[in-house]
Amino acid sequence: FSCTGRKGGHKGRARQYTSPEEIDAQLQAEKQKAREEEEQEEGGEGATGDPKKEKKSLDSDESDEDDEDYQQKRKGVEGLIDIENPNRVIQTTKKVTQLDLDGPKELSRREREEIEKQKAKERYMKMHLAGKTEQAKADLARLAIIRKQREEAARKKEEERKAKDEAAMAGKRLQSLSLNK
């Protein structure tokens, strides 16, 4: 134990780092081993060892072509059994020339609901402006009552003003009569 309070490495060993060159070499060795096993399974003809194939495996640029073929090989019993799954979606890439931009576009549920909501709102506003909705009828009735009240208030003010004017005129007449005496 050390008194410094920090933990050391795993069981006293120093850490070892693998260089990228070593990793590439390990990968190439694994690929070469897999190719040899494949050739042995095919009938043993490739097991004799063609010098051309060995040169390809050492050259990293050309080994990329072989890697694609190796990845295409099916795993396990997939190669033996032909599976037809109706639920499996096979993605097919379309070219730009094949895309149909003019055709009818499928809308998502949210987009469709949003459009329906906007149309319903527009219909409601048209009916509301025409006065056919319950709320519009209530508003119009309220407005009619308010108009009547305002007309009555205006009429009362007019009558009061006329009464004041007449009273003022009568008062002036009295003053002028009393002055003329």
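What you see is a predicted model, and the numbers here were worked out from it, not measured in a lab.
- Checked for salt-bridge contact, E113 and R109 meet the test: a charged N lies under 4.0 Å from a carboxylate O.
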Going by atom type alone, with no hydrogens or angles, which donor-acceptor pairs under 3.5 Å involve a side-chain atom of residues 118-131 and a protein atom two or more places apart or on another chain?
from : atom 1 : to   : atom 2 : distance (Å)
Y124 : OH     : Q135 : OE1    : 2.8
H128 : ND1    : T133 : OG1    : 3.2

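- Within the 3.5 Å criterion, the main-chain N or O of I23 finds no donor-acceptor partner in the side chain of Q26.
- Connectivity analysis of hydrophobic side chains (ILVMFWY, heavy atoms under 4.5 Å, direct or indirect) links L107 to I115.
- Using a 4.5 Å heavy-atom cutoff, the side chains of R142 and I145 are not in contact.
- For the residue pair Q28 and Q32, no side-chain donor N or O sits within less than 3.5 Å of a side-chain acceptor on the partner.
- Here the shortest heavy-atom pairing between K132 and K137 reads O-CE, 3.9 Å.
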Under 3.5 Å, which donor-acceptor pairs do the side chains of residues 152-162 form with other protein atoms, sequence neighbours left out?
from : atom 1 : to   : atom 2 : distance (Å)
E158 : OE1    : R161 : NH2    : 2.6
E158 : OE2    : R161 : NH2    : 2.5

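- Interatomic distance, E151 CD to I146 CD1, rounded to the nearest 0.5 Å: 12.5 Å.
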